[in-house]
Amino acid sequence: GYSVAEIYKALGYTVHKVQIINDRGIHICKSMAAWKLFGNGETPASTGLKGDKLVGKYYVEFDKNFKAQCKELEAKGLSKEEAEKQAPIMKLAVQMLQQWEQKDAEILKLWNAMNSWVYAGFDATYKRMGVDFEKLYYESNTYLLGKEEVLRGVEQGVFFKKEDGSVWVDLTADGLDQKVLLRSDGTSVYMTQDIGTAILRFRDFPKIEGQVYTVGNEQEYHFKVLFLILAKLGYPWANKCYHLSYGMVDLPTGKMKSREGTVVDADDLMDEMVEEAAKQTRELGKIDEMTEQEVNHLAEMIGLGALKFFLLKVDPKKRMMFDPAESIQLQGHTGPFIQYTHARIKSILRKAESLNIKPEVGDLKKVNSLEPSEREVIFKINQYTTKLQEAGREYSPAIVANYAYDLAKEYNQFYQAIPIFNEADPIKLKFRIAFSQVTANTIEKAMAVLGIHVPERM
RNA sequence: GGUCUCAUAGCUCAACUGGAUAGAGCAGCUGCCUUCUAAGCAGCAGGUUGCUGGUUCGACUCCAGCUGGGAUCACCA
């Protein structure tokens with residue numbers, strides 16, 4: 001999603017990158033409940049853990065205890081549903097949610113503390129990845145507007161109220177079901193909040209034409225419903241909202257489940273990749289004239305480049321297999337392959353400069369006398385804009401990623417086939433240096449769209 | 001069960017939206033560093049594009065059916 005925003009920026013659009021933060025609801029309360037029971041007052045400061053990790057730990061802790069308690073209750077003869085309701089730890093979480101909605105001071109304090117830990121943790125991770133958002137939306141704020149809108153919808157007759165007080169939308173005419181928008185006790189659901197968030201965004205950024213939601217494909221139904229609701233409420237931009245539904249990531253060991261803690265941790269992954277990059281850089285003996293700081297900087301660039309490229313090279317709409325062992329690869333169809341090509345070109349450009357050879361495109365009629373490998377590279381360079389447009393149309397950074405790879409691949413073939421500085425003809429020599437420079441620039445641009453930096457040497 | 005979605009080399013992925021001999025990487029095998037960085041290049045091997053039909057001059061691509069994965073259909077988020 002982030003890279004799609006960068007694609008549109010590169011195409012000249014104005015883009016606002018925003019994020020919704022789900023800071024409301026039972027899932028936070030689960031962590032809170034487990035922390036209260038087993039936390040012994042732990043904080044990120046006291047444990048040295050990142051805030052999001054600490055809260056995540058108690059989310060897993062909750063699930064563990066919850067399951068154990070359910071099992072116990074089921075052994076006593078309760079049904080599964082009954083046991084899930086009666087489990088003491090779940091009762092505590094539900095109670096906390098109610099207290100939160102009633103603005104209970106003590107609960108709000110704990111909620112504030114744990115949320116701030118999570119955000120601080122996320123911030124650190126985003127910062128390292130080079131991801132930033134212009135504005136964050138908090139569900140705990142936006143649900144109120146959503147509620148207003150739903151009630152307005154009832155007045156206008158696009159939604160209806162049942163006897164128990166719950167509010168519904170009827171989407172059977174659109175081939176869908178009836179969906180609840182407000183619970184019988186008047187509290188809001190996930191959908192309510194998203195209605196508010198959407199409207200708020202169009203108020204905050206009046207000039208935008210539409211919105212792209214980058215959310216996993218398990219929420220396809222949700223967004224289908226959301227956009228229909230927005231249309232029913234009379235918002236003309238409703239049909240300019242698009243759900244970029246990305247496929248889930250599978251691990252060789254099975255599915256990722258946050259509740260069970262079987263997720264690949266982004267921070268750990270980045271550490272591993274950077275470490276591997278540093279190791280290989282040292283083994284290849286490329287750090288001769290580099291300071292320790294420069295080596296670390298390079299390793300960070302390569303490690304993160306490898307990771308980002310690995311994730312972005314496949315079509316986001318499809319389900320992908322993420323094999324950590326394979327992602328750590330720095331050869332072949334990878335980010336470092338492209339970074340390496342860039343570094344080599346830079347090396348050529350430095351040499352040309354030291355020899356005082358100026359890049360010059362010269363007479364374009366020479367195109368006919370081009371070597372095949374030269375023609376391939378130039379052909380590829382010229383595809384950049386087309387590919388970028390295609391990527392925008394398809395909402396697919398993979399198109400940019402594979403373009404950058406293809407360009408690097410073509411250039412490497414030329415590089416191998418024709419040693420530039422052996423060329424006696426100065427016109428050809430200058431021309432080759434010129435399109436080498438353009439290649440490097442194009443690689444840099446394409447990679448920048450993906451949030452990947454390219455080094456001067458590696 | 002309804003709806004949606006996916007299936008391409010041993011593995012991970014491409015294929016300009018219906019065009020020529022389906023391409024890369026990894027893994028395996030062979031070569032290439034006294035020449036701009038070998039994180040590279042060249043080559044070998046690997047395919048009845050899940051199956052069966054249909055439309056078309058032409059199908060990985062479109063349609064139907066089947067098989068097998070996945071998602072979703074909560075007063076969860």
Side-chain angles (χ1 to χ4, degrees), chain A residues 20 22-28 30 97 139 162 164-168 175-194 215-222 224-225 245 247-248 250 252 255 258 277 280-281 283-286 288 302 305-306 310 313-315 317-323 325-327 329-341 343-352 354-355 373 383 386-387 390 393-394 398-399 401-403 405-406 408-409 411-423 429 432-433 436 455 457-458:
Chain A
I20 179 77
N22 302 111
D23 59 350
R24 184 183 158 273
I26 192 76
H27 64 286
I28 292 278
K30 286 177 179 177
L97 179 62
E139 194 188 331
K162 286 192 179 172
D164 62 2
S166 56
V167 176
W168 296 73
L176 303 174
D177 261 328
Q178 296 190 344
K179 295 288 293 185
V180 68
L181 299 179
L182 284 179
R183 296 195 188 95
S184 50
D185 63 3
T187 59
S188 59
V189 292
Y190 183 50
M191 185 63 75
T192 325
Q193 160 273 129
D194 252 350
V215 183
N217 61 11
E218 79 270 359
Q219 293 198 36
E220 262 166 22
Y221 189 78
H222 172 77
K224 223 179 259 178
V225 173
S245 159
M248 292 289 100
D250 286 318
K255 270 185 74 170
S258 57
Q280 292 208 27
T281 303
E283 276 171 9
L284 291 167
K286 304 208 169 181
D288 299 345
I302 296 171
F310 188 82
K313 72 179 178 184
V314 308
D315 185 341
K317 295 169 201 73
K318 290 186 187 170
R319 203 183 174 80
M320 84 170 283
M321 170 67 77
F322 182 80
D323 184 347
E326 198 185 318
S327 73
Q329 193 80 38
L330 307 180
Q331 281 92 27
H333 191 185
T334 66
F337 172 93
I338 301 164
Q339 290 172 320
Y340 178 64
T341 306
R344 276 162 136 193
I345 297 175
K346 285 294 175 169
S347 179
I348 288 173
L349 297 177
R350 281 192 296 271
K351 184 169 175 179
S354 71
L355 295 173
S373 64
Q383 276 188 322
T386 315
K387 289 288 181 182
E390 194 188 334
R393 215 172 43 238
E394 307 279 332
I399 290 170
N402 288 319
Y403 167 76
Y405 173 75
D406 288 342
K409 185 95 187 146
Y411 187 85
N412 281 339
Q413 284 166 19
F414 158 76
Y415 179 95
Q416 198 75 27
I418 302 170
I420 291 183
F421 292 102
N422 287 2
E423 181 57 54
L429 176 57
R432 283 172 186 164
I433 288 167
S436 293
R457 34 171 74 86
M458 70 183 269

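The model shown is predicted, which means the values in this text are computed figures rather than measured ones. So that the names make sense, note that chain A is the first sequence line, chain B the second, and so on, each numbered from 1.
Consecutive Watson-Crick or G-U pairing (both distances under 3.5 Å) extending over three or more pairs maps onto RNA chain B as B:1-7 with B:67-73, B:10-13 with B:23-26, B:28-32 with B:40-44, B:50-54 with B:62-66.
Residue-level contact check: A:Lys224 touches neither bases nor backbone, having no heavy atom under 4.0 Å from any strand. In this structure, A:Arg457 reaches the bases: a heavy-atom distance under 4.0 Å links it to at least one base atom across the strands shown. As judged by a 4.0 angstrom heavy-atom cut-off over every strand, A:Phe337 is placed among residues touching the sugar-phosphate backbone only. A:Ile418 comes within contact range of at least one nucleobase, with a heavy-atom separation under 4.0 Å. Among the heavy atoms of the strands lying under 4.0 Å from A:Ile302 is at least one base atom, whether or not backbone atoms are also near. Counting non-hydrogen atoms under 4.0 angstrom, A:Thr281 reaches a base of the nucleic acid. If you check every strand for non-hydrogen atoms under 4.0 Å, A:Tyr405 touches sugar and phosphate atoms only. Among the protein residues, A:Ile26 comes within range of the sugar-phosphate backbone only, with heavy atoms under 4.0 Å from sugar or phosphate atoms but none that close to a base. At a threshold of 4.0 angstrom between heavy atoms, the contacts of A:Ala343 include nucleobase atoms, whether or not backbone atoms are also involved.
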| task | At under 4.0 Å between heavy atoms, which parts of nucleotides 9-16 of chain B does protein reach? Answer with one letter per nucleotide, 5' to 3': B base, S sugar-phosphate only, - none. | result | ---SSS--
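For B:U72, neither phosphate oxygen OP1 nor OP2 lies less than 4.0 angstrom from any side-chain nitrogen or oxygen of A:Gln219. Taking 4.0 angstrom as the limit, A:Asn412 places a side-chain polar atom (N or O) nearer than this to OP1 or OP2 of B:C41. Residue A:Tyr340 has a polar side-chain atom (N or O) positioned under 4.0 Å from OP1 or OP2 of B:A39. An OP1 or OP2 oxygen of B:A38 is reached within less than 4.0 angstrom by a side-chain nitrogen or oxygen of A:Arg344.
Residue A:Lys286 places a side-chain atom within donor-acceptor reach of the base of B:U37, judged by atom type and a 3.5 Å distance cut-off alone. On a pure distance criterion of 3.5 Å, no polar donor-acceptor pair joins the side chain of A:Thr341 and the base of B:A39.
Here B:C73 presents its C1' atom at 8 Å from NZ of A:Lys179, a figure rounded to the nearest Å.
Seen from the ring of A:Tyr405, A:Lys313 does not count as a face-on cation partner, given the 6.0 Å and 45° thresholds.
Of the candidate nucleotides B:U35, B:A77, B:A74, B:U35 has the atom lying nearest to any side-chain atom of A:Pro419.
Anti is the classification of B:C51, since its glycosidic angle lies more than 90° from 0.
Atoms NZ and OG1, on A:Lys409 and A:Thr341 in that order, are 9.5 Å from each other to the nearest 0.5 Å.
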